[in-house]
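One structure is given here, and the rest of the page talks about it.
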There are 2 protein chains.
Amino acid sequence: MSIYKKSAPVDVVAFAKALADDTRQRIMSLCCCERLTVGDITTKIGVAQPTVSHHLAILREAGLVTAEHQGRETFYSLNQERLSVCCGQLMVRFAPDEDVTQTVKHALNKR
Amino acid sequence: MSIYKKSAPVDVVAFAKALADDTRQRIMSLCCCERLTVGDITTKIGVAQPTVSHHLAILREAGLVTAEHQGRETFYSLNQERLSVCCGQLMVRFAPDEDVTQTVKHALNKR
DNA sequence: TTATTATATAGACGTACGTCTATTTGTCAA
DNA sequence: TTGACAAATAGACGTACGTCTATATAATAA
């Protein structure tokens with residue numbers, strides 16, 4: 001079970017730091033719609049397995065991925081809800097009210 | 001005039017890196033609703049003036065603030081539109097469709 | 001021009017971070 | 001129990017980054 005409850009406050013700097021690496025963003029993209037093992041990710045990403053484990057630990061710490069242990073494998077998947085909450089906080093932290101609306105429009109127009 | 005047009009593609013990693021520092025986020029908060037000079041920011045932030053200039057350069061590079069020169073002063077303000085676009089891209093990059101909607105809800109509920 | 005003020009740039013310094021190899025821990029099959 | 005496999009941890013190494021002081025650049029005032 002994650003330490004991140006629905007009401008957990010968002011540290012926007014920590015959230016940004018977790019996102020501030022290309023390898024981690026690629027891992028997040030991979031885990032967006034699929035449960036993947038560390039081995040799967042290692043193969044697809046093309047960096048060493050300990051490096052992948054390291055990045056997964058950072059993403060876990062930020063609550064952005066969840067880990068499920070099954071036998072000797074661990075399946076990772078993106079924590080969509082946490083991501084949503086963090087993005088929401090990011091928007092409202094700096095954007096004045098009318099601009100949040102615009103952000104929403106931008107987001108929806110991309111779909 | 002900024003190099004960032006409305007249609008400029010968003011480098012989500014670069015965006016996250018620009019946000020991934022507490023001093024820069026504090027600067028962004030300060031510039032959210034006010035045009036401020038480097039001197040103003042330096043006083044309010046409590047770090048050396050060259051450090052502030054350095055962070056402002058990074059935020060400028062990411063398109064997150066705009067600079068207006070007036071005499072020997074430079075006024076900085078947050079680029080709300082760019083921030084909106086980047087947040088939107090961040091949401092849609094990882095969140096599946098139904099989750100974007102949820103992100104929007106989270107954002108709006110905070111208002 | 002000369003002095004003063006505002007900002008930017010250069011460069012040094014220490015710390016944080018991403019990556020790797022080697023090893024450990026944990027799980028399953030023979 | 002032993003061997004093989006999956007993932008995590010330890011530790012080394014180089015680079016990137018945040019901060020500072022010193023200096024340069026640019027604009028205004030005397």
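Computed from a prediction, not measured in an experiment: that's the story for all the values here. In the text below, chain A, chain B and the rest are named by the order of the sequence lines, each starting its count at 1.
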query: What distance do B:Lys44 atom NZ and B:Glu34 atom CD have between them, rounded to the nearest 0.5 Å?
result: 5.5 Å

task: Looking at every strand, decide which applies to B:Tyr76 at a 4.0 Å heavy-atom threshold: base, sugar-phosphate, or nothing.
output: sugar-phosphate

query: A:Asp21 has an atom CG; how far is it from atom P of C:dG18, in whole Å?
result: 5 Å

message: Quick check: on DNA chain C, is the nucleotide nearest B:Gly39 upstream (toward 5') of the one nearest A:Lys17, or the reverse? Name the residue that is more 5'.
response: B:Gly39

- prompt: If you round to the nearest 0.5 Å, how far is CG of B:Leu59 from CZ of B:Arg82?
  reply: 12.0 Å

field: Test item: B:Glu73 side-chain N/O and B:Glu68 main-chain N/O as donor-acceptor pair under 3.5 Å
entry: no

- prompt: At their closest point, which heavy atom of A:Leu64 faces which heavy atom of A:Ala18, and how far apart are they?
  reply: CD1-CB, 3.9 Å

Interatomic distance where CD1 belongs to A:Ile58 and P belongs to D:dA7 [whole Å]: 18 Å

- prompt: How long is the line joining CD1 of A:Ile27 and C1' of C:dG18, in whole Å?
  reply: 12 Å

query: Does B:Thr51 make a side-chain N or O approach to OP1 or OP2 of D:dC20 shorter than 4.0 Å?
result: yes

- request: Look at the side chain of B:Arg72 and the base of C:dT7, then say whether one donor and one acceptor between them are separated by less than 3.5 Å.
  value: no

field: Which nucleotide in D:dC20, D:dA8, C:dT7 has an atom nearest any side-chain atom of B:Val38
entry: C:dT7

- prompt: Where the side chain of B:Gln49 is defined as all heavy atoms beyond and including C-beta, which of C:dT27, C:dT7, D:dG18 is the nearest nucleotide?
  reply: C:dT7

task: Nearest whole angstrom, please: distance from the P of D:dA7 to the CZ of A:Arg60.
output: 12 Å

query: Rounded to the nearest Å, what distance is computed from the CD atom of residue A:Gln25 to the P atom of nucleotide C:dC17?
result: 17 Å

message: From NE2 of B:His69 over to P of D:dT28, roughly how many Å is that when rounded to an integer?
response: 13 Å

field: Nucleotide D:dT28, atom C1' - distance to CD of B:Gln70 in whole Å
entry: 14 Å

- request: Indicate, with a heavy-atom threshold strictly under 4.0 Å, whether B:Val52 touches base, sugar-phosphate, or nothing.
  value: nothing

- prompt: What's the CD-P distance between B:Glu61 and D:dA16, to the nearest Å?
  reply: 16 Å

query: Looking at D:dT19, C:dC17, C:dT7, which one has an atom nearest to any side-chain atom of B:His55?
result: D:dT19

message: Let's test your reading of the model: under 3.5 Å, does the base of D:dA27 pair with the side chain of B:Glu73 as donor and acceptor?
response: no

task: Respond yes when some side-chain nitrogen or oxygen of B:Thr23 is under 4.0 Å from OP1 or OP2 of D:dT19, and no when none is.
output: yes

- line: Rounding to 0.5 Å, atoms CZ (A:Arg26) and CD1 (A:Ile41) come to a distance of 11.5 Å

- request: On DNA chain C, check which nucleotide each of B:Ala57 and A:Pro50 is closest to and give me the residue with the more 5' one.
  value: B:Ala57

